[in-house]
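These numbers come from the heavy atoms of this one structure, side chains and all, not from hydrogens, waters or symmetry mates. Every number for a ligand or one of its atoms is a count from 1 in the order of the listing.
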Amino acid sequence: MRKKLRKKLSFSYMFIIVICVLIISLLSNFFLQRLFRNYVIEQHKTRNNLIVKTIGEQYLFNGNWNIDGIKNIGEISIENGLFISVKDISGKIIWDAETYNIKKCEEVKNKVTNSMEKYFPSWEGVYTKNQYPLINNSSKIGTIEIGYYGPFFYGSNDISYIKTLNKMLLLVGVFSLLIAFIFGFLMAERLSRPILKVIDAAEMISRGNYDEKIETKTDIEEIHNLTTTINNLGTSLNGQEKLRKRLTKDISHELRTPLSTLQSHMEALIDGVWEPTSDRLKSCHEEILRLKRLVGDLEKLARYEGENLSLVITKFNLGEVINNIALNFEKQFLNKKVALAFKEDSIFVNADKDKITQVIVNLVSNALKYTEKGGKVEVNLWEEGQFAIVNVKDTGIGISNENIPHVFERFYRADESRNKQTGGSGIGLAIAKSIIKAHKGIITVESKINEGTNFTVKIPK
Ligand code: ATP
Ligand code: MG
């Protein structure tokens, strides 16, 4: 059966405290009682010695005794549960508690046994008599016999002291329980409140409400981590959701243009407004090619972007890669009458060769695409600490300041009308950025409109 955290914690606290209080009470009770008993036994001894001494002092001279003095001591002793019997040197009884007042003696004895048996059922007191010699001026003058319940008994003061002690222990126990209950409840509140908030937030997130943020100030590390994780989850789901929406919008936007062109062309042909000349058919064919390319691009995007970009790391010569790319582009550069310059170098990197090649191809093809006849494209390669740097610089049309921050976004093309002829989809740089990011590298751009563009890629070696 599942229990609520608050309940569970409160009960756990209570349980622990009950056990602690019980153990402490039992132990303290046991030790205090023992200490007290020893103290009482010691006390008895001292009292007996005192009686022996003061009775000894009641001897006057020549066998005479201060009987009144002995009587006074004897009476007080009876009250204290001690019954004395004084004999002189010849063995003659001078004063005896029981002879003096047997009724009082019995009364006191009964009182002692009753109260002891009542409060201490395990008490095994036996009436014992101890004999002591009476000494005066270092000579024996008689004997005294002190009878009492041994090894110990408690007087009414002692019993009320023990009662108070027990009451106090009980009070401390009840008080600790109360504190434990309050503390446990507060602690459980403190723990469960942020957790309940996290549950609420997680529920909101599961319903698609990603903006829900948990605001709790807690000094509990785990709860703090839990809330930050849930908040981060919300943020990242929010990002993903936005991305998904934008991607769908971008894709449908990209698909709509060639599809509507095709649709209007076809309708004109069907209605006989247009003759199906080879030029018209070619234009339709071009739109179909555009669509096909777009689908291919989307495929590429799915492959290179996002979490599923896995790298195959090998050690290769980046200079050689650039050399090969330049050779492959040679013809296209010649056709467009754009100069291509690059320095032969040999720098080895540990990276995914195919994907890095793809990045450089994208940059070089952009440079060629956006550079007019007579312009120049330069590819440079150098090392900087732990990084290999590839730089693709052109003297082309450049990118305006407001477009620069967006060129790495998918389907982004700086100037729609201008790019119509160049026919790109605007994903080349998005792919390049994903690849470089996966390599933990950096790609940056500097550009001036009508002057040229400069792309720099920093790859960890
Ligand atoms: P694709 O590469 O998908 O065929 P694309 O070249 O248009 O299409 P990207 O490579 O992502 O797309 O580039 C995005 C935009 O950035 C381009 O449309 C262009 O406007 C601008 N751009 C990129 N490189 C350059 C450059 N070297 N000079 C001027 N503008 C550039
Ligand atoms: Mg491109």
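The shortest heavy-atom distance from Asp394 to ligand 1 is under 4.0 Å. Distances shorter than 4.0 angstrom occur between a heavy atom of Phe455 and an atom of ligand 1. In this structure, Arg410 has no heavy atom closer than 4.0 Å to ligand 1.
Judged by distance alone, the side chains of Gln358 and Asp354 never bring a donor and an acceptor atom under 3.5 Å apart. If you check the side chains of Asn380 and Glu378, you find a donor sitting under 3.5 Å from an acceptor.
At a threshold of 2.8 Å, the Mg ion (ligand 2) has no backbone or side-chain N, O or S atom of Asn362 nearer than that distance.
Using a 4.0 Å cut-off to heavy atoms of Val407, the atoms of ligand 1 that qualify are 14 (C), 16 (O). Near Gly426, meaning under 4.0 Å from any of its heavy atoms, are these atoms of ligand 1: 1 (P), 3 (O), 5 (P), 7 (O), 8 (O), 11 (O), 12 (O). Close approach of ligand 1 to Ile399 (heavy-atom distance below 4.0 Å) involves ligand atoms 22 (N), 29 (C), 30 (N), 31 (C). Within ligand 1, the atoms closer than 4.0 Å to a non-hydrogen atom of Tyr412 are 14 (C), 15 (C), 18 (O), numbered from 1 in the order shown.
Looking only at distances, no side-chain donor or acceptor of Asn362 sits under 3.5 Å from a matching main-chain atom of Leu429.
Under the salt bridge (Lys or Arg N to Asp or Glu O under 4.0 Å) criterion, the residue pairs touching residues 452-461 are Glu383-Lys461, with sequence neighbours excluded.
The side-chain tip of Lys109 does not point at the ring of Tyr149 from less than 6.0 angstrom away and within 45° of straight on.
A pairwise comparison of heavy atoms in Ser400 and Ile449 identifies N-CD1, 3.4 Å as the closest pair.
Using bins of under 30°, 30° to 60° and over 60° for the plane-to-plane angle, the ring pair Phe185/Phe181 lands in the parallel bin.
Using a 4.0 Å cut-off between heavy atoms, Leu429 contacts ligand 1 through both its backbone and its side chain.
Ligand 1 has no N or O atom lying under 3.5 Å from any N or O atom of Ala430, backbone or side chain. Some N or O of Ile427 is nearer than 3.5 Å to an N or O of ligand 1, by distance alone.
Salt-bridge annotation for Glu241 and Lys245: present, with a side-chain N of the basic residue lying under 4.0 Å from a carboxylate O of the acidic one.
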